[in-house]
Asker: 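Structure incoming, see below.
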Amino acid sequence: MKWSQTFIPTLKETPAEAEIPSHKLLLRAGLIRKLAGGIYTLLPLGLRACEKVERIVREEMNRAGAIEVRMPALNPRELWQRGPRWDAAQRVMFAASPADGSKVAPGGELVLGPTHEEVITSLVADEIRSYRDLPKNFYQIQTKFRNEIRPRFGLMRAKEFVMKDAYSFDLNEEAAVRSYEAMRAAYQRIFERCGFGPQQLKCVWADSGVMGGKYSQEFMVPAESGENEIAFCEKCSYVANIEKAQSRLARMEDGEAPGHIEKFPTPGVKTIEDLTKPPFLVAADRQIKTLVFICDSKPALVLMRGDHPLNEVKLAAATGAIEFRPARDEEIVSLMGAHAGSLGAVGKKGIPIYADEALRGRFNMVTGANEDGFHVRGVCVERDIAVTKWADLRSVGAGEPCPECGAPLRIQRAIELGHIFILGTKYSEKLNARYLDEKGQTHPCVMGCYGIGVTRTMAAVVEVFNDKDGIKWPMSVAPFHVCITLLDTHKEAPAKIAQELHDALERAGVEVILDDRDERPGFKFKDADLVGFPIRVTVGEKSLAKGGVELKLRATGEMRLLPPAEAVEEIVKRAKA
RNA sequence: CGGGGCGUAGCGCAGCUUGGUAGCGCGCCUGCCUUGGGCGCAGGAGGUCCCGGGUUCAAAUCCCGGCGCCCCGACCA
């Protein structure tokens, strides 16, 4: 391939819209262009890199025994309505209505698939009858559509993106776990092959969210620009998404025995911190924080230790609510009879009360009296408060003890590249994906689902592998293995040798681009560094006079002068490694 | 959707406070020159100043209303 015959619009300056390194570099190196917010064109180099990731994914999925299919992106709305999560799913889904505004096409309304549990499960429901047909694991690499509330960071969170999604169907839970484990191993290999080393890839415990199901893990790449936070142990192997992470807390000393409840005036006190100051001097870890939430339009109280932050994902998991929000001031007053700052759950009835585990067994606590300007002390949580449900509701903090070994936890931002779930029978029961066992008994299939953001993975590679000059592609996903930088384009000898080099490499199966543009050397070097080809070969009169061509590695800066034939040999070796 | 910022040539920006001439760098085109880290010189093309309305003799600039983009939060591959 000749540079002049493809399309690589590099930019010297960074477009103002880009914030994070990968977004800036994908734009500057000419891999992507924006059509609209969260909607991108993959230019030739971007497409090539994306296809490299796809190829790795495909090879590893096939190796793991998954079967490739391609499901439609256009889905009947009716199918989704029959599924188990329509209420939660519809707000991220695009509807595909006739563009002329006419009502409904014959055959019913259509939506664009944000993921495909419903579609694959209905296929399996139609086609799979016997235990002899199982297990099966179907996957596809396909464009997904999500009405992201806030697209962000270029390809990191887009409304339209390429995803690999896989769905396993098994006889029972035990077999489903085997399928899950096979996928986990495949994912590990996929991301390693994309260039991520042990320090750059973490498989973490995660919340299952609206997917539902037993448990899930995410594949995370630590990066400042990541949208997730993970907590990990410095000593042992414990790693979890902050939405799931736990920690071992020191026991609190509450005194000899629970005392009696006593109301006391606290004029002007509005916050936890106010109460810690003179004249009150109530430590934050001795206070109960009372929060009011509206869960699926019904109020609920959430109780936390005064110094603990609520984790809303954990709250969602505990309540099972699809939509929830903090209550507004007027709702709080009408419900509690006091303003935020003086709220408490003591004696409250007729409203669900969710309490964080850290409050279990605590006494001699202080909380609001539900009367502005008053608090109560001597509260014994289990004696005085009618807790509906105990749950882990707090976010762990950096430095807290690891739940497994007690060493301090650290917290780091990370990019989620893949997510694997054990789903159970949530979809198969609702959509009737059942099989007959050897005794003629009917059972729902036990499912798992497994996703990889393909375009996001490409962006994450750029996010991790770059320097001030540009991208540093790992060989496995680079759009081209090698760039031949031809200098002295008008001179016969360099041009001829560059062309021969190019042809020899291509014959050897190396992906090579020949920079044949009539530009100055510095300009071409800058472009090659920016795009980030793992190997650059410089061919010019100067190098030829010294006896060969110059081979330079982008990752290390290592440079060698070699005769053309040896250069070919060396490049083939490295490209195939 | 809540909060913040921005919208002027392909890209990066100035001009706006205090209304009157739309400007700079890069890129692009032509010619000369040059060829090992985004050369040099000369000439040139390119703008509904996001859109609509208003104020005014006059609006990029002031006012009102939209739209778009980016960032922080809730969602997620």
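Throughout, a chain's letter reflects where its sequence line sits, starting with A, and its residues are numbered from 1.
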Asker: Which listed nucleotide (B:rG36, B:rU35, B:rC1) is nearest to the side chain of A:H490?
Answerer: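 From the listed options, B:rU35 comes nearest.
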
Asker: Please determine, for the side chain of A:A16, which listed nucleotide (B:rG37, B:rC13, B:rC76) has the closest atom?
Answerer: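 That would be B:rC13.
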
Asker: Is the ring pair A:F219/A:F191 parallel, tilted or perpendicular, if the boundaries are 30 and 60 degrees?
Answerer: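 Ring orientation, 0 to 90° scale: tilted.
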
Asker: Let me know, please, whether A:R517 or A:E312 comes out on the 5' side of the other along RNA chain B by nearest nucleotide.
Answerer: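 Nearest nucleotide further toward 5': that of A:R517.
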
Asker: Write down the distance separating the C1' atoms in B:rU48 and B:rG52, rounded off to the nearest Å.
Answerer: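 One C1' to the other, the span is 13 Å.
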
Asker: Measure from CG on A:D207 to C1' on B:rC75 and round the result to the nearest Å.
Answerer: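 Rounding to the nearest Å, CG of A:D207 and C1' of B:rC75 are 12 Å apart.
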
Asker: Determine, step by step, whether A:N137 and A:Y139 satisfy the side chain to side chain donor-acceptor pair (under 3.5 Å) criterion, reporting the C-alpha distance in whole Å, the side-chain angles of both residues, the deciding distance to 0.1 Å, and the verdict.
Answerer: CA-CA 7 Å; A:N137 185 345; A:Y139 82 96; over 6 Å; no

Asker: With a 3.5 Å cut-off and just heavy-atom distances, do the side chain of A:R157 and the base of B:rC76 make a donor-acceptor pair?
Answerer: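 In this structure, the two groups form a donor-acceptor pair.
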
Asker: Please report the distance, rounded to the nearest Å, between NZ in A:K244 and P in B:rC76.
Answerer: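 Answer to the nearest Å: 14 Å.
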
Asker: From the list B:rG38, B:rC69, B:rG36, which nucleotide is the closest neighbour of the side chain of A:T10?
Answerer: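 Nucleotide nearest to A:T10's side chain: B:rG38.
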
Asker: Which whole number of Å gives the distance between the C1' atom of B:rC16 and that of B:rC33?
Answerer: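 42 Å, rounded to whole Å.
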
Asker: Measure the spacing between CG of A:L417 and CG of A:L201 and express it to the nearest 0.5 Å.
Answerer: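 If we round to the nearest 0.5 Å, A:L417:CG and A:L201:CG are 7.5 Å apart.
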
Asker: Should A:R146 be listed as having a side-chain N or O under 4.0 Å from OP1 or OP2 of B:rC75?
Answerer: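 Answer no for this pair, as no side-chain N or O of A:R146 is under 4.0 Å from OP1 or OP2.
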
Asker: When rounded to the nearest Å, what value does the distance between P atoms of B:rA22 and B:rA59 take?
Answerer: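 Rounded to whole Å, the distance is 13 Å.
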
Asker: Name the closest nucleotide to the A:L530 side chain, picking from B:rG36, B:rA77, B:rG38.
Answerer: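 Nearest to the side chain of A:L530 among the choices is B:rG38.
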
Asker: Looking only at the side chain of A:Y40 (C-beta and beyond, no hydrogens), which of the listed nucleotides B:rU35, B:rC70, B:rG73 gets closest?
Answerer: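 The listed nucleotide nearest to A:Y40's side chain is B:rC70.
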
Asker: In whole angstrom, give me the gap between the C1' atoms of B:rG20 and B:rA58.
Answerer: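 After rounding to an integer number of Å, I get 6 Å for this pair.
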
Asker: Any cation-pi pair here, A:R48 with A:F480, using under 6.0 Å and within 45°?
Answerer: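 Ring-cation test returns yes.
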
Asker: NZ of A:K12 versus P of B:rG10: gap in Å, rounded?
Answerer: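 Between P of B:rG10 and NZ of A:K12: 18 Å.
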
Asker: Rounded to whole angstrom, note down the P distance from B:rG31 over to B:rG37.
Answerer: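 To the nearest whole Å, 26 Å.
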
Asker: On the side chain of A:R28, is there an atom forming a donor-acceptor pair with the base of B:rG27 - under 3.5 Å, no angle test?
Answerer: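 No pair found.
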
Asker: Between A:E519 and A:K524, does any NZ, NE, NH1 or NH2 come within less than 4.0 Å of an OD or OE carboxylate oxygen?
Answerer: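 No.
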
Asker: Nearest whole angstrom, please: distance from the P of B:rG4 to the CD of A:E19.
Answerer: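 Atom CD in A:E19 sits about 18 Å away from atom P in B:rG4.
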
Asker: When the C1' atoms of B:rG38 and B:rU55 are compared, how many Å lie between them, rounded to an integer?
Answerer: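 So the two C1' atoms sit 48 Å from each other.
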
Asker: Indicate the ring-plane relationship of A:Y215 and A:Y180, choosing parallel, tilted or perpendicular according to the 30° and 60° boundaries.
Answerer: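 Aromatic pair A:Y215/A:Y180 classed perpendicular.
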
Asker: Stacking check: are the rings of A:F161 and B:rA77 less than 5.5 Å apart at their centres and under 30 degrees in tilt?
Answerer: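 Here the ring of A:F161 and the base of B:rA77 are stacked, with centres under 5.5 Å and planes under 30°.
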
Asker: Rounding to an integer number of angstrom, what distance separates B:rC62 and B:rG3 when you compare their C1' atoms?
Answerer: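 It works out to 27 Å between them.
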
Asker: Less than 3.5 Å between a donor and an acceptor, one on the side chain of A:E13 and one on the base of B:rG25, is that the case here?
Answerer: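 It does, because a donor-acceptor pair links the side chain of A:E13 to the base of B:rG25 below 3.5 Å.
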
Asker: Hey, can you tell me if A:H419 and A:F421 have their rings parallel, tilted or perpendicular (30° and 60° cut-offs)?
Answerer: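 Parallel, since the angle between the ring planes stays under 30°.
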
Asker: Taking the P atom of each, how far is B:rC24 from B:rG46, in whole Å?
Answerer: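 My reading of the P atoms in B:rC24 and B:rG46 gives 15 Å.
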
Asker: Quick one: look up who B:rG43 pairs with, Watson-Crick or G-U, both distances under 3.5 Å, and put none if it's unpaired.
Answerer: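 With both distances under 3.5 Å, B:rG43 matches B:rC29.
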
Asker: Would you please confirm or rule out a distance under 4.0 Å between OP1 or OP2 of B:rC76 and any side-chain N or O of A:R152?
Answerer: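 Checking B:rC76 against A:R152, no side-chain N or O comes under 4.0 Å of OP1 or OP2.
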
Asker: Which whole-number value in Å describes the distance from A:E243 CD to B:rG73 P?
Answerer: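 So the two atoms are 13 Å apart, to the nearest Å.
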
Asker: Among A:T457, A:V477, A:T455, exactly one meets side chain to side chain contact (heavy atoms under 4.5 Å, CB included) together with A:C50. Which residue is that?
Answerer: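 Answer after filtering A:T457, A:V477, A:T455: A:T455.
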
Asker: Need to verify one output field. Residue with the more 5' nearest nucleotide on RNA chain B, A:H23 or A:K542?
Answerer: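 This one resolves to A:K542.
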
Asker: Side chain of A:K34 only, please: which of B:rC39, B:rC70, B:rA77 is the nearest?
Answerer: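 Side chain of A:K34 sits closest to B:rC70.
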
Asker: Quick one: which of B:rC76, B:rC13, B:rA74 gets closest to the side chain of A:N228?
Answerer: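 In terms of side-chain proximity for A:N228, the closest of B:rC76, B:rC13, B:rA74 is B:rC76.
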
Asker: Would you mind classifying the nucleic acid contact of A:E218 as base, sugar-phosphate or nothing, using non-hydrogen atoms under 4.0 angstrom?
Answerer: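 Nothing, no heavy atom under 4.0 Å.
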
Asker: Nearest-Å distance, CD (A:E17) to P (B:rC13)?
Answerer: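 Rounding to the nearest Å, CD of A:E17 and P of B:rC13 are 11 Å apart.
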
Asker: May I ask you to verify whether the side chain of A:D529 and the base of B:rG37 hold a donor-acceptor pair under 3.5 Å?
Answerer: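 Donor-acceptor pair under 3.5 Å: yes.
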
Asker: Does the B:rG37 base have a donor-acceptor partner in the side chain of A:K552 within less than 3.5 Å?
Answerer: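 Donor-acceptor pair under 3.5 Å: yes.
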
Asker: Rounded to whole angstrom units, what separation is found between the CG atom of A:L11 and the P atom of B:rC11?
Answerer: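 About 9 Å, once rounded to whole Å.
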
Asker: How many whole angstroms separate atom CZ of A:F153 from atom P of B:rC75?
Answerer: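 Distance, rounded to whole Å: 16 Å.
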
Asker: If you look at every strand shown and take non-hydrogen atoms under 4.0 Å, does A:A459 touch a base, only sugar-phosphate, or nothing?
Answerer: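 Nothing: the residue A:A459, judged by heavy atoms under 4.0 Å, touches no strand.
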
